[in-house]
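The first residue of the sequence shown is numbered 1, and numbering continues consecutively from there.
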Amino acid sequence: MPDAARPPRHVLILGGTTEARRLAATLVRGAAGVPEPAEGAEPVPSPEPAQAPEPALRVTTSLAGRVAAPRLPDGEVRIGGFGGPEGLARWLREHAVDALIDATHPFADTISHNAALAAATAHVPLLAVRRPGWVPGPGDDWHQVTSLDEAAAALPALGSRIFLTTGRMGLAHFAHLTDPWFLVRSVDAPEPPHPPRMEVLLDRGPFTVEGERALLRAHRIDVLVTKDSGAAATAAKLTAAREAGIPVVVVRRPPVPDGVPVAADPDAAVNWLRKVFSEADSH
């Protein structure tokens, strides 16, 4: 139980990923004394005491609002931007945030840099949660690039029927390619500009290897383009491409801002929080 004179510590999670939802669930349920269920298991029902105990943590997740129907995490949720690093720093101060965790997508580099600037301005500890990236294995034909522009430049030499899985927000980088045909998979429908020869597949992972094999065959795909998101839910396409001998253009991740510690998963983030709060209590 926290000190009665002190309000619950406030953790702000910059979310939108599986890791962010898992972390929020772990913190919220842990604060109530209920363990996080194993992956795929049924959630453990919360006890219903006569008077609920005071929570050890207040957990807020911020979502960018780019997906029409996002999967909402446990705890409090806010949706929308902050207005740059200055707006985020102001939000951190006004809402008495004790720790900031950047668990956004590995390619959301703008919000990550804003988080680093805001945390430094507001003197709030900051952690980045980044799932491990994908690693090529035997039989993979990967062409690693540093940007979507480089990915687009590589395509004419590799194939003409492209499975593009880099998200709807970056289609403008491929809009000038008039000869190749694109199969674009995204959660929400893309808006122009985009390639003129394009079919859109609205879907959300996780995906299976069998399903990805069938997709590649049905659409006669000869090149796959992906970002190194590192998610297990979307890794099946890499296996299917390897089996089919299809080249894969992989966009490398942007680096985490200098000086920001990194955790590979929600469990490591919880350990970091314990350390941060323990050090704060000792001062």
The reported gap from CG in Leu238 to CD in Glu212 (rounded to nearest 0.5 angstrom) is 9.0 Å

Closest non-hydrogen atoms of Pro257 and Ala116, given as atom of the first, atom of the second and distance, are CB-CB, 3.9 Å

With a 3.5 Å cut-off and no angle check, do the side chains of Arg185 and Thr234 form a donor-acceptor pair? no

Separation between OG1 (Thr166) and CZ (Phe174), nearest 0.5 Å, reads 4.5 Å

Same cluster (ILVMFWY, side-chain, under 4.5 Å), Leu164 and Leu183:
no

Going by chain and number, the hydrophobic cluster around Phe207 (ILVMFWY, side chain to side chain under 4.5 Å) further includes none

message: Checking Val11 against Leu23 for the side chain to side chain contact (heavy atoms under 4.5 Å, CB included) test, could you report, in this order, the C-alpha distance in whole Å, the side-chain angles of both residues, the deciding distance, and whether it holds?
response: CA-CA 11 Å; Val11 177; Leu23 178 58; over 6 Å; no

Determine yes or no for a side-chain-to-main-chain donor-acceptor pair under 3.5 angstrom, with Arg220 supplying the side chain and Asp222 the backbone. no

Sidechain N-carboxylate O distance under 4.0 Å for Arg58, Asp98
no

Between the CZ atom in Phe107 and the CZ atom in Arg253, the distance rounded to the nearest 0.5 Å is 7.0 Å

| Does Arg197 use its side chain to pair, donor to acceptor, with the backbone of Phe182 at less than 3.5 Å? | no

Inset, instruction - Determine, stepwise, if the pair Ile13 / Ser62 fulfils side chain to side chain contact (heavy atoms under 4.5 Å, CB included). - result: CA-CA 6 Å; Ile13 301 171; Ser62 178; over 6 Å; no

Take Leu63 and Leu72 through the test side chain to side chain contact (heavy atoms under 4.5 Å, CB included) and record every step on the way to the result. CA-CA 9 Å; Leu63 303 176; Leu72 298 180; 3.9 Å; yes

Here the gap from His173 atom NE2 to His194 atom NE2, rounded to the nearest 0.5 Å, amounts to 15.0 Å

Here the salt bridge (Lys or Arg N to Asp or Glu O under 4.0 Å) pairs for residues 230-249, sequence neighbours left out, are Asp140-Arg242, Arg213-Glu243

Of Val248, Val225, Leu158, the one forming a side chain to side chain contact (heavy atoms under 4.5 Å, CB included) with His143 is Leu158

Connected to Leu12, directly or through other members, by ILVMFWY side-chain contacts below 4.5 Å are Leu14, Phe82, Leu88, Trp91, Leu92, Val97, Leu100, Ile111, Val124, Leu126, Val256, Val260, Val262

Arg252 and Thr146: side-chain donor and acceptor closer than 3.5 Å? no

Check your understanding: Under 4.5 Å between side-chain heavy atoms, hopping through other hydrophobics if needed: is there a path connecting Leu177 to Phe163?
Key -> no

CZ (Arg131) and OG (Ser229) are apart, to the nearest 0.5 Å, by 5.5 Å

Closest heavy-atom pair, Leu202 versus Ala189, reported as atoms and distance to 0.1 Å, is CD2-N, 3.6 Å

So CD1 of Ile246 and CD1 of Ile221: to nearest 0.5 Å the spacing works out to 7.0 Å

